[in-house]
Structures are given as C-alpha cells and as structure tokens.
Number of protein chains: 2
Amino acid sequence: MPERALPYRPHNHDACVSHALADARAICRTQNARLTPIRERVLELIWQSHKPLGAYDILAMLGTEGHNAAPPTVYRALDFLLQYGLVHRIASLNAFIGCTHAGEQHRGTFLICRQCSNVLELATPEVSKAIEQAAAAESFRLDDITLEVAGICPRCQGDASNA
Amino acid sequence: MPERALPYRPHNHDACVSHALADARAICRTQNARLTPIRERVLELIWQSHKPLGAYDILAMLGTEGHNAAPPTVYRALDFLLQYGLVHRIASLNAFIGCTHAGEQHRGTFLICRQCSNVLELATPEVSKAIEQAAAAESFRLDDITLEVAGICPRCQGDASNA
DNA sequence: GCAAAATTTGAAACATTATAACATTTGCAG
DNA sequence: CTGCAAATGTTATAATGTTTCAAATTTTGC
Ligand SMILES: [Zn+2]
Ligand SMILES: [Zn+2]
Ligand SMILES: [Zn+2]
Ligand SMILES: [Zn+2]
C-alpha cells in the first residue's frame, strides 16, 4: 500500500506552507501579478491547515492580528488568488483551500472528510477524461468542472473514538 | 448523431412536468412520504423549466400566487424533495433543479449552460466509476459526489446571436 | 369517534455569505 | 514631480440559509 497522502498523516506542515508561498511568489512574478501583503497573508492563513476556510473565518483571523478588514478586502484577495490558481473554492462548503497543484494545468477533484474536514486535492486525468467524454457525447462545450467528493478520510475511518 | 437531449431542443415541456409529478406521487406513495400541497407546488414550480431555481425565486413565485410564505417554508419543502431524490441542489449556483432520474439509483452529473442556464442531468456510470476508483486509491470512503460542469450547451453554441 | 402523539406549517428573528458603490491610498510611467 | 491605473478602505446592502417557538394538521392507538 502506498504511503498516505499528506493531509492524512502527521507531517511537517510548515513545509507545506513555505512551499505554497514560494510557488505563489514564483507564479506571480512570471505573470507580472502583484502578490501584495494582504493577498499573501490571506494565502498564508488559508494554508494554516488542510481544512477549507470560510471568507469570514479569514476575516476574523485578520481581525485578531490587528488588521481590521471588511469583507470586500478578503473577497478581493480571494478573487485574486482564485484567478491565479493559488486557491480553490469549495462550492459545497462556501469555503476556500490552498491549491496543491498551483502552476500545473489541472482540474481538481476534492476529497472532503465529513468528520475532520481535511481536504485532499487530486489531479485525476482519468476522471477528467470521463467527464469530458460525457460532455462531448451531449455536444456540450465544457469550460469548468466542480467535483467535490464528501466522505470519510482514512484517518477518521481508523478512529474508533469519533471525537 | 443521436437526437439532442430534451433541454436542448423544443419539446412538450408540459409532459416533463406531468411525468415528474406522477413519478413523485408514486415514489412518495411507496415510501409512505407525504407529498403535501406545498411540497408538490414547490416541485411543480421547480419543474417549470430546465433551469435551476433559487430558493428565493420559489419564494417569490409562491408570493405572486397569494401564498405568503417565509423562507423556512421553502427550505423545508426543498429538504423534503432532496431527501426523496425528487430534486437536486446545484452547489455552484445555490439553486435547485428537478431530478430526471427520480427513483433510479444514480449519481447525477450536471451540465450547466453559462448562457441559457439550462441544465442537463446525466447518469454516467463510467464517470462515477472513475471517481470511486480515485477515492478508493486514497482509502477515502466515498459518501456523496457533487459534479457540476459549466460550459455552453449545443443550442447556445449554434446561436450566432448571443442574445 | 377521540385523545394523545407526531408531523407539518406559520411566523419572526437572526446568521452567514457575498456584492455594490464610492472614497482614498499606493505604485509606477513618463 | 505629475498623472494614471491598480489596490485598498469604508459603508451599506443584497442574497442565501437557519433557529426558535407557536399553531395547525395528520396519524395512531384505543
Ligand atoms: Zn500540510
Ligand atoms: Zn488545484
Ligand atoms: Zn422539458
Ligand atoms: Zn437526479
């Protein structure tokens, strides 16, 4: 059995964060996009864990660190991060999560644990292919896919104690 | 080339509606569920077209016909219809659409036209299979799939005039 | 039939998520 | 500098969804 994916095992999460930030800086540099302090801070907050964060959660976190922001501040930062593929929006949760494939051309599949909330993003070409074929069979021109899978992650399946 | 799916061609939509209502009555009868007047009316309103309807759209429609309902009335009816698989929620639109496979065991794939808003629901076993395999590969226990495809439907592709 | 229990509906308030509109500041080019 | 565009601040408001408790209706056991 292959090693479990990062969200499902203990790991040095600081490395996740710094990797994500480094990627973001690189991507913005090559695209001449401005990763301003607010935008970077929002991205960093989103990456505090592998659980998706609501816009108002982010707002509250900014609040506790003295930056008294209003909703548009956060939504604008999120729009920017979405635009450059640095975060994804989870429609079924109205929440946002850091993209683990930033820069790569991909369509994300999100495995969302109902118990611990951790989200694993998969890049699944076979799934995308199947969806593209299904759309093509109806002569539908596909622009975008929202694919969110709810269930129980391997770690929570193991837990007898449903804390 | 096979005939286009219903939402993409002129058709007798009254037949869609009466079919859906008949199915709903049958399903509720066999499940000992009460398809009360409000619930049936909400289902009928949702089926007025193949475009998804927001909860507050439904609320407004009920309002114009004299039934002055409050939000919980609509949401409760929708919860009931969702529970018995008579409608689906489109997470990416915060809207609801009648299920075209009510009673059948299925996981819906929704093709959503960005231009005309019409939605086609597909039952795509190959896609479901691929998703189930991807989840299984991560030892993730799959409970539910949200699969929504945004794009342009064949009819709108044909339109030169983007009305 | 009839009373108790369960389900459904009504109504008001509230919570959460997201956007509109306009003023101000900041970064940058000429 | 100066002027323009992009980004941020600020206030208000829109859109979506839930909680709570009371009243009405339907079902069930007798
Ligand atoms: Zn991590
Ligand atoms: Zn991604
Ligand atoms: Zn129809
Ligand atoms: Zn369906």
Side-chain angles (χ1 to χ4, degrees), chain A residues 24-25 28-29 31-46 51-63 65-84 86-97 112 117 146 148 150, chain B residues 24-25 28-46 51-63 65-84 86-97 112 117 146 148:
Chain A
R25 290 191 198 105
C28 288
R29 194 168 335 108
Q31 312 242 329
N32 277 319
R34 291 169 53 195
L35 189 62
T36 62
I38 295 180
R39 292 167 176 173
E40 184 168 320
R41 186 60 187 141
V42 168
L43 180 59
E44 201 174 358
L45 287 172
I46 287 177
K51 306 181 204 296
L53 224 46
Y56 281 76
D57 296 332
I58 296 167
L59 202 54
M61 290 163 108
L62 286 175
E65 53 191 55
H67 186 308
N68 237 356
T73 299
V74 169
Y75 281 102
R76 287 193 283 229
L78 289 169
D79 285 346
F80 172 89
L81 297 170
L82 285 169
Q83 190 182 329
Y84 287 94
L86 303 175
V87 304
H88 292 286
R89 188 182 134 88
I90 306 291
S92 59
L93 299 176
N94 295 330
F96 302 83
I97 188 136
I112 305 165
S117 302
T146 297
E148 300 167 13
Chain B
R25 290 190 197 102
C28 288
R29 194 168 335 106
T30 65
Q31 310 242 330
N32 278 319
R34 293 167 53 194
L35 190 63
T36 63
I38 295 180
R39 291 166 178 175
E40 183 168 321
R41 186 59 188 139
V42 168
L43 181 61
E44 202 175 357
L45 287 173
I46 287 177
K51 306 181 204 293
L53 270 190
Y56 280 75
D57 295 333
I58 296 168
L59 201 55
M61 290 163 107
L62 287 174
E65 54 191 53
H67 185 307
N68 237 356
T73 300
V74 170
Y75 281 103
R76 285 192 285 228
L78 289 170
D79 285 346
F80 173 88
L81 297 170
L82 285 168
Q83 190 183 330
Y84 287 95
L86 304 174
V87 303
H88 293 285
R89 190 182 134 87
I90 308 291
S92 58
L93 298 176
N94 294 333
F96 302 83
I97 188 135
I112 306 165
S117 302
T146 297
E148 300 167 13

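Proteins get letters first, then strands, A, B, ... in listed order; numbering begins at 1 in each. What you see below is based on every heavy atom in this structure, not just the backbone, and it leaves out hydrogens, waters and symmetry mates. Remember, predicted model here, so these are calculated numbers, not experimental data.
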**OP:** Round to a whole Å and report the spacing from CZ of R39(B) to P of dT7(C).
**Re:** 11 Å
**OP:** Could you tell me which non-hydrogen atom of L59(A) sits nearest to which non-hydrogen atom of A69(A), and how far apart they are?
**Re:** CD1-O, 3.5 Å
Original post:
In degrees, rounded to 10°, what is the bend between the two ends of the helix from dG1(C)-dC30(D) to dG30(C)-dC1(D), using five pairs at each?
Top reply: 30°
Original post:
Can you list the steps and then say if H67(B) with R41(B) is a side-chain contact (heavy atoms from CB on, under 4.5 Å)?
Top reply: CA-CA 11 Å; H67(B) 185 307; R41(B) 186 59 188 139; over 6 Å; no
Subject >> T73(B) side chain near dG10(C) phosphate (N/O to OP1/OP2, under 4.0 Å) >> reply: yes
Original post:
So, for A55(A) and V74(A), which heavy atoms are closest and what is the spacing to 0.1 Å?
Top reply: O-CG1, 3.6 Å
Original post:
With the sugar-phosphate defined as primed atoms, P, OP1 and OP2, and the base as all remaining atoms, what B/S/- string results for nucleotides 17-28 of chain C, 5' to 3', for protein heavy atoms under 4.0 Å?
Top reply: BBBBB-----S-
Original post:
From E40(A) CD over to L45(A) CG, what is the distance, rounded to the nearest 0.5 angstrom?
Top reply: 11.0 Å
Original post:
For dG10(C), does either OP1 or OP2 sit under 4.0 Å from a side-chain N or O belonging to H67(B)?
Top reply: yes
**OP:** Please report the shortest heavy-atom distance between I97(B) and K51(B), naming the atom on each side.
**Re:** CD1-C, 3.9 Å
**OP:** Let me see the working for R39(B) and L86(B) under side-chain contact (heavy atoms from CB on, under 4.5 Å), right down to the final yes or no.
**Re:** CA-CA 11 Å; R39(B) 291 166 178 175; L86(B) 304 174; over 6 Å; no
Subject >> Heavy-atom pair with the smallest gap, counting every atom of I46(B) and L78(B) >> reply: CD1-CD2, 3.6 Å
**OP:** At the 4.0 Å heavy-atom cut-off to chain B, mark where contacts on DNA chain D begin and end, going 5' to 3'.
**Re:** dT16(D) to dT26(D)
**OP:** Search all heavy atoms of F80(A) against all heavy atoms of R34(A) and return the closest pair with its distance.
**Re:** CZ-O, 3.6 Å
Subject >> Residue pair A91(A) / T146(A): nearest heavy atoms and the distance that separates them >> reply: CB-CG2, 4.3 Å
**OP:** Could you grab the distance from atom CZ of R89(B) to atom CG of D79(B), nearest 0.5 Å is fine?
**Re:** 10.0 Å
